[in-house]
Amino acid sequence: MRLLLVEDDRMIGRAMRQGLADAGFTVDWVTDGKSAEGALRDGVYDLVLLDLGLPGKDGMSLLRDLRRRHDPLPVLIVTARDEVADRIAGLNAGADDYVLKPFNLDELVARVRALLRRRAGTGVPLLQCGALVLDPVRREAQLGGVPVSLSAKEFALLETLMQRPGAVLSREQLENAIYGWQQEVGSNAVEVHLHNLRRKLGPDTIRNVRGVGYKVVGP
Ligand code: CA
């Protein structure tokens, strides 16, 4: 996981970078608004830790620009401004969470992890596995750039598998993921949907691991 750290205070920045690196994150650190603006346009980050008071361009403007171009990048505001109004403004501008300075480094790392988990759940704009791309928001699937028409259940099944690439999910797990409490499930419903998905996407897209379950393999 790669993080962008935007913090102009050298001492705080160093401590944050060290703490996050120790926790296993790759951290890029910039110390002014303009550098942050450039880095954010690269679009390679999983999350940004954003100070509000910055030379060049302030954090709130960076955040507003990010959301204006519909970038869903998780933003954790890290600021000394403990005024309630600033926090509300940050959250309203599209921040996902905030931490007030001085903070506990372990708590900071925990909050970063929580945001990344949340993103892996529903915040991800596109799911990709090889040539297969799924857009959970638009409910569209593409294989090698060509749209594939899927039923709602086929889409949900594929989405569940693609959210955990490489993981083997049991039939029961898949069933639980795509059927609500109120829905009647036929005994071989999941198999039928999997069969149809393989027919549409190619026989090797979804592999059966005998006795365990299924996993998605990028074609
Ligand atoms: Ca600052």
Side-chain angles (χ1 to χ4, degrees), residues 1-129 133-138 159 162-165:
M1 289 284 176
R2 190 161 159 195
L3 313 180
L4 179 66
L5 170 60
V6 187
E7 172 58 73
D8 62 325
D9 185 305
R10 302 273 168 180
M11 213 168 76
I12 295 173
R14 255 199 300 277
M16 288 174 80
R17 182 173 62 178
Q18 190 60 50
L20 291 163
D22 289 347
F25 294 105
T26 301
V27 184
D28 291 348
W29 177 20
V30 293
T31 56
D32 67 86
K34 288 293 172 194
S35 307
E37 193 168 41
L40 285 168
R41 285 194 179 275
D42 289 345
V44 298
Y45 297 101
D46 297 293
L47 181 144
V48 56
L49 298 110
L50 186 63
D51 183 16
L52 290 184
L54 292 165
K57 186 165 184 169
D58 69 88
M60 201 67 87
S61 303
L62 289 166
L63 174 60
R64 289 206 177 96
D65 287 353
L66 201 65
R67 297 311 187 221
R68 205 173 286 136
R69 57 175 191 264
H70 305 291
D71 190 328
L73 182 70
V75 175
L76 177 61
I77 288 179
V78 184
T79 181
R81 297 184 195 180
D82 56 359
E83 297 290 329
V84 175
D86 285 325
R87 277 182 260 161
I88 293 171
L91 292 169
N92 281 339
D96 299 277
D97 199 1
Y98 63 87
V99 170
L100 297 179
K101 297 173 192 168
F103 51 83
N104 175 293
L105 211 44
D106 289 340
E107 191 199 347
L108 181 80
V109 169
R111 281 184 190 266
V112 167
R113 288 218 169 99
L115 287 181
L116 291 171
R117 272 200 307 276
R118 203 185 300 165
R119 189 190 71 146
T122 53
V124 180
L126 291 178
L127 296 171
Q128 186 156 14
C129 192
V133 179
L134 228 58
D135 185 336
V137 177
R138 293 164 182 256
E159 184 180 15
M162 286 181 70
Q163 276 170 348
R164 301 161 189 82

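All ligand and atom numbering here is 1-based and tracks the order in the structure.
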statement: Minimal heavy-atom distance between Gly33 and Leu54, with the atoms involved, is N-CB, 4.2 Å
task: With sequence neighbours left out, write down each residue that passes side-chain hydrogen bond (donor to acceptor under 3.5 Å, both in side chains) with Arg68, or none if nothing qualifies.
output: Asp65
message: If the test is side-chain contact (heavy atoms from CB on, under 4.5 Å), which one of Leu5, Asp96, Val99 qualifies with Leu76?
response: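 That would be Val99; it is the only one of Leu5, Asp96, Val99 passing the side-chain contact (heavy atoms from CB on, under 4.5 Å) with Leu76.
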- line: Those residues at least two apart in sequence (or on a different chain) that pass side chain to side chain contact (heavy atoms under 4.5 Å, CB included) with Val133 are Leu126, Gln128
Residues that Asp32 engages under side chain to side chain contact (heavy atoms under 4.5 Å, CB included), provided they are two or more places apart: Lys34, Ser35, Pro55
statement: Note on the Ca ion (ligand 1): protein N/O/S atoms within less than 3.0 Å are Asp8 OD1, Asp51 OD2, Gly53 O
field: Approximate separation, where rounding is to 0.5 Å, of Arg64 CZ and Met60 CE
entry: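 Here the interatomic distance stands at 5.5 Å.
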